[in-house]
Structure formats: C-alpha cells, structure tokens
S.K.: 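Attaching a single structure in structure tokens format; questions to follow.
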Amino acid sequence: MAPKAAADWSAELFGPKILTKPKTSGVPTASALSSKKLVALYFSASWCPPCRTFSPKLIDFHKSCKDDLEVIFISSDRDDKSFGDYFAKMPWLAMMPGYMSDENRDRQEKLANMFKIQGIPTLIVLDAKTGNFITDNARMEVMETTSDASKKALIQSWLSKEAVPIDEAVLGSGGGGSDNLLVKIVKYFASNPMYIFGLLYFAKQFLRYLEELGKDEIEGKKEL
C-alpha cells in the first residue's frame with residue numbers, strides 16, 4: 001500500500017486546521033507541515049511542573065533544528081486562558097485543544113490512545129511526509145543534547161531510523177520497529193544460540209551453589 005500524502009495523514013490526525021498562535025482560527029494543517037521532514041507531537045499542559053521544566057529545553061532544541069522539525073503542541077489544558085498563556089511562549093504549532101469542542105476532544109483522545117500516552121510531558125516523533133512512527137523516546141533524547149552539534153546529530157539519527165506505520169509501531173520502547181532494545185536482544189540471541197546454552201549452564205550452576213549453601217546451613221544448625 002502506498003504511503004499517505006501529508007495532506008491525508010496530518011489532517012486525519014490533527015484536524016483540517018492547526019493553530020500558529022492563540023486566539024486565531026488556524027491554518028490548513030497540511031500546508032503548515034509541507035516543508036518539514038519531521039513532526040514532533042508534544043503532549044503537555046501548563047499545569048504540569050515537568051512540562052514547564054521541559055518546554056524551555058524543547059524550545060532551545062527547536063531553534064537549532066526548525067528547518068527540519070516542526071513541533072505540534074497537544075494540550076491537556078482545560079480553559080482558554082491556561083492554554084493561550086502557555087502556547088504563546090511556544091515557537092511552534094498547536095492542535096485545536098480538546099476543551100474547544102467535542103470533535104476536538106474526541107480527536108485528542110484518539111491520539112492519546114493511539115500512542116498509549118500514560119503521562120505528560122511526552123514527545124513523539126513522526127516522519128512528516130508519511131506520518132509514520134519514528135520514536136516515542138524523544139523527550140529523553142532531547143534532554144541529553146548539550147550543543148548545536150548534538151542537536152543536529154539527534155535530528156539525523158531520527159531521519160536515519162526506519163519509520164513504520166503507527167499500527168505496526170512498538171510503543172513504549174523508544175523505537176519504531178527493529179530499532180527497539182527488546183527486539184535487538186531477541187535477534188542477538190536468535191543469531192547466537194550458543195550464548196543461550198551458556199546462560200542456562202551458569203544459571204544451573206548458580207542454583208546448585210545455592211542448594212549446597214542451604215544444605216550447609218541446615219547441617220550447621222543441627223550441630224548446634
């Protein structure tokens with residue numbers, strides 16, 4: 001199946017229009033993303049202390065990488081003032097907040113369920129051309145950047161990853177498909193079966209040692 005065009009996937013996920021600043025009617029979603037290579041979904045809220053700590057770091061990261069990366073703020077704020085005051089400090093886009101209408105609320109809940117959001121802040125990176133999933137570990141990766149070089153290197157690492165359709169993504173692992181740690185471990189042992197036998201041997205020896213140690217303790221108590 002051919003990948004969806006940006007106009008198809010972005011409007012489907014975020015709605016036909018997206019905000020560039022508070023108290024506006026928005027611009028067409030697809031055109032706002034058309035020049036970008038990556039889209040980061042920023043699940044956040046003004047009332048969340050970890051979000052307020054992370055947002056300045058993300059703003060600094062975005063300044064260095066805005067030619068390739070667009071961020072979309074997905075707000076859990078519950079009223080216009082809270083959302084507007086927080087969004088006004090951000091140099092990127094925002095999805096229509098859920099409190100504005102039932103349609104927006106349903107769309108936002110669908111996104112949260114789709115990406116298995118357990119808490120905020122969460123930063124998820126998608127391929128801007130196809131909407132395919134790249135990573136849900138972006139918050140930690142952004143926090144680790146310390147220079148312009150490391151920021152650009154992170155962008156390149158996202159671009160080099162295999163982006164997979166969202167319904168095929170292994171969420172919660174940090175990677176889209178074969179990049180996640182669990183899959184790497186499984187593949188490693190599958191290609192090196194002798195290591196499995198080695199682990200089993202050492203596990204057996206360790207259990208035998210514990211068994212002998214237990215016997216010695218019992219004998220010692222009997223002598224007392």
S.K.: I'd like to know if the side chain of Lys21 and the backbone of Met90 have a donor-acceptor N/O pair within less than 3.5 Å.
M.R.: no
S.K.: Between CZ of Phe73 and CD1 of Ile18, what distance do you get to the nearest 0.5 Å?
M.R.: 12.0 Å
S.K.: Which pairs count as side-chain hydrogen bond (donor to acceptor under 3.5 Å, both in side chains) when at least one residue sits in residues 22-33, sequence neighbours excluded?
M.R.: none
S.K.: Would one find more than 12 heavy atoms of other residues, nucleotides or ligands at under 6.0 Å from atom NZ of Lys89?
M.R.: no
S.K.: I'd like to check the side-chain hydrogen bond (donor to acceptor under 3.5 Å, both in side chains) partners of Ser157; sequence neighbours left out, ordered by chain and number.
M.R.: none
S.K.: Just jot down the side-chain contact (heavy atoms from CB on, under 4.5 Å) partners of Asp60, sequence neighbours excluded, or say none.
M.R.: Lys151
S.K.: Could you pull out all residues at least two apart from Phe14 that satisfy ring pair (Phe, Tyr, Trp, His ring centres under 6.0 Å)?
M.R.: Trp9
S.K.: Going by side-chain contact (heavy atoms from CB on, under 4.5 Å), name the residues that satisfy it together with Gln156, two or more places apart in sequence or in a different chain.
M.R.: Leu159
S.K.: Between Ser101 and Gly98, is there a donor-acceptor pair closer than 3.5 Å when you use the side chain of the first and the backbone of the second?
M.R.: no
S.K.: Using side-chain contact (heavy atoms from CB on, under 4.5 Å) as the criterion, list what pairs up with Ser35, not counting sequence neighbours.
M.R.: none
S.K.: By side-chain contact (heavy atoms from CB on, under 4.5 Å), which residues pair with Asp85, not counting sequence neighbours?
M.R.: Lys81
S.K.: How would you list, by chain and number, every residue that makes a salt bridge (charged side-chain N to carboxylate O under 4.0 Å, His left out) with Arg107, sequence neighbours excluded?
M.R.: Glu103
S.K.: Could you give the distance from OH (Tyr99) to CZ (Arg105), rounded to the nearest 0.5 Å?
M.R.: 14.0 Å
S.K.: Tell me which pairs pass side-chain hydrogen bond (donor to acceptor under 3.5 Å, both in side chains) where either residue lies in residues 42-56, with sequence neighbours left out.
M.R.: Tyr42-Ser44, Tyr42-Ser55, Ser44-Tyr86, Ser46-Asp77, Ser55-Tyr86
S.K.: By salt bridge (charged side-chain N to carboxylate O under 4.0 Å, His left out), which residues pair with Lys37, not counting sequence neighbours?
M.R.: Asp68
S.K.: Please list, chain by chain and in numerical order, all residues satisfying side-chain hydrogen bond (donor to acceptor under 3.5 Å, both in side chains) with Arg78, sequence neighbours excluded.
M.R.: none
S.K.: Could you pull out all residues at least two apart from Asp79 that satisfy side-chain hydrogen bond (donor to acceptor under 3.5 Å, both in side chains)?
M.R.: Ser82
